[in-house]
Amino acid sequence: CLSKRRKESLSTLLIKNALVLATMDDNRQEISGGGLLIRDGFIESVGKTSDLPAEADEILDLSGCVVLPGLINTHHHFYQTLTRAIPGAQNSNLFNWLKTLYPIWGRMTPEDIYISTQTAMAELALSGCTTASDHLYLFPNGSKLDDEIEGARQVGLRFHASRGSMSLGESKGGLPPDSVVDSEEHILEDCVRVVEKYHDPKPGSMLQIVFAPCSPFSVSTELMRESAKLARHYGVHLHTHLAETEDEEAFTLEKFGLRPVDYMASVDWLGNDVWFAHSVHVSPEDIQVYKKYGCGVAHCPSSNMRLGSGFAPLMEYLREGIHVGLGVDGSASNDGSHMLAEVRQALLMARLRAGLMGASLSGENAPKLITAREVLEIATRGGAAVLGRKDIGSLEPGKCGDFIAVNMNRLRYTGSLTDPLSALVFCNPGWVDFNYVQGKAIVKNGELMTVNVPDLVQRHNKAAAGLVRNY
Ligand code: ZN
């Protein structure tokens with residue numbers, strides 16, 4: 001037992017012969033026949049296979065595979081995998097969609113949160129995600145953030161758990177019914193409890209806590225302010241939904257006399273420790289505010305299209321150097337947790353927007369089309385910057401051993417091997433073949449190693465049926 005433990009803690013993993021290894025380092029180095037040496041979970045060297053040591057405790061030959069840093073998901077609501085494609089919420093905009101779903105979500109149990117976390121994370125892992133953030137903002141029937149933390153631990157992805165909250169029920173002028181909101185005193189107490197119990201800020205951290213009041217229309221001004229104070233006291237990040245729809249802007253104008261970004265300024269929610277989901281309806285001045293304060297954005301193209309919310313100004317964000325990560329968003333508004341698919345959606349949505357701005361007419365002033373490499377950067381380096389992580393997002397010495405590999409000898413990639421990295425985005429996405437987190441296999445040869453998927457599907461469908469039984 002002791003020798004096994006010693007071997008695990010000092011183990012080396014050699015990745016070799018990648019068709020191409022995209023490092024996403026500052027020079028965006030791409031290495032044909034590339035490899036990695038990972039020691040004790042961290043990358044020791046990156047280079048051509050011939051320049052790396054020949055021996056290691058574990059050797060993985062990735063001939064025919066594209067290797068890249070693990071993708072980082074910056075916005076999700078795992079529990080919504082229980083309510084995908086609910087008929088009454090299929091054709092609604094955000095506010096009506098929420099009003100249909102709040103009462104169903106209000107029936108969730110701790111077990112439902114645990115199971116749905118595993119389902120969402122299994123799908124994320126198989127689609128190339130190695131670090132996921134989740135925003136859990138309602139805790140019915142005794143549920144706790146601990147339920148999803150436990151579920152996540154089993155799957156093995158790096159996890160940023162956002163302790164969300166809703167305190168502004170209908171009776172106080174908010175959108176959610178009173179039955180799903182909590183008292184502000186309890187919310188803040190529980191934030192303190194989870195951050196002290198779980199938050200690990202060290203390099204290689206597998207679990208960090210985030211404070212995340214749900215949205216301007218579901219929490220009070222006081223709770224926004226107090227959450228910001230508490231987050232800064234503990235040095236953790238802040239996250240919320242912002243500028244997602246025009247309904248939201250109408251709400252903040254009516255209730256606070258401010259547009260959403262100005263409202264954030266008024267509650268001390270600007271800084272490089274803050275990231276906002278969506279940020280679709282922002283003005284050029286708002287973008288300058290994000291730039292000045294270093295605020296990050298979780299871009300969620302599928303959800304924004306699914307709910308008819310609009311286009312986020314992705315190219316403007318990139319041009320201004322705003323930190324942008326990618327988010328699949330909750331599985332009731334996507335309705336999938338497929339990271340590689342979201343990368344592709346980000347490319348297509350940005351190009352559609354460019355088309356609406358004149359890209360179909362050739363000429364000097366035609367808007368630029370986003371590239372496959374740019375959207376992959378958003379999903380890797382961008383996500384790391386948004387979450388405030390310096391130890392992930394690229395394959396470089398000293399960084400975490402988080403990588404994915406896709407075998408390109410597949411029907412869907414046939415004929416694309418002149419540029420296999422771009423093919424990952426342009427061709428239809430599937431599951432990845434390998435997904436390693438901190439040098440440990442989560443997906444190997446296309447199989448999830450940590451959770452039994454057929455069993456999970458059964459348990460999940462049973463839990464989902466229980467929730468919508470009286471719907
Ligand atoms: Zn969301």
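Numbering of ligands and ligand atoms starts at 1, following listing order.
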### Summary
Row for the Zn ion (ligand 1): angle NE2 (His77) to NE2 (His241), 10° precision, value 90°
### Task
Please say whether the positively charged group of Arg163, taken as NZ for Lys or CZ for Arg, lies over the ring of Phe139, i.e. under 6.0 angstrom from the six-membered ring centre and within 45 degrees of the axis.
yes
### Query
What's the shortest heavy-atom distance between Leu307 and Ser92, and which atoms?
CD2-O, 3.7 Å
### His75 near the Zn ion (ligand 1): N/O/S under 2.8 Å
yes
### Task
Using a strict cut-off of less than 4.0 Å between a Lys/Arg side-chain nitrogen and an Asp/Glu carboxylate oxygen, indicate whether Asp25 and Lys399 qualify as a salt bridge.
no
### Query
Between Arg158 and Asp391, is there a side-chain N and carboxylate O pair less than 4.0 Å apart?
no
### Message
Tell me which N, O or S atom from Asp329 is the closest to the Zn ion (ligand 1).
### Response
OD1
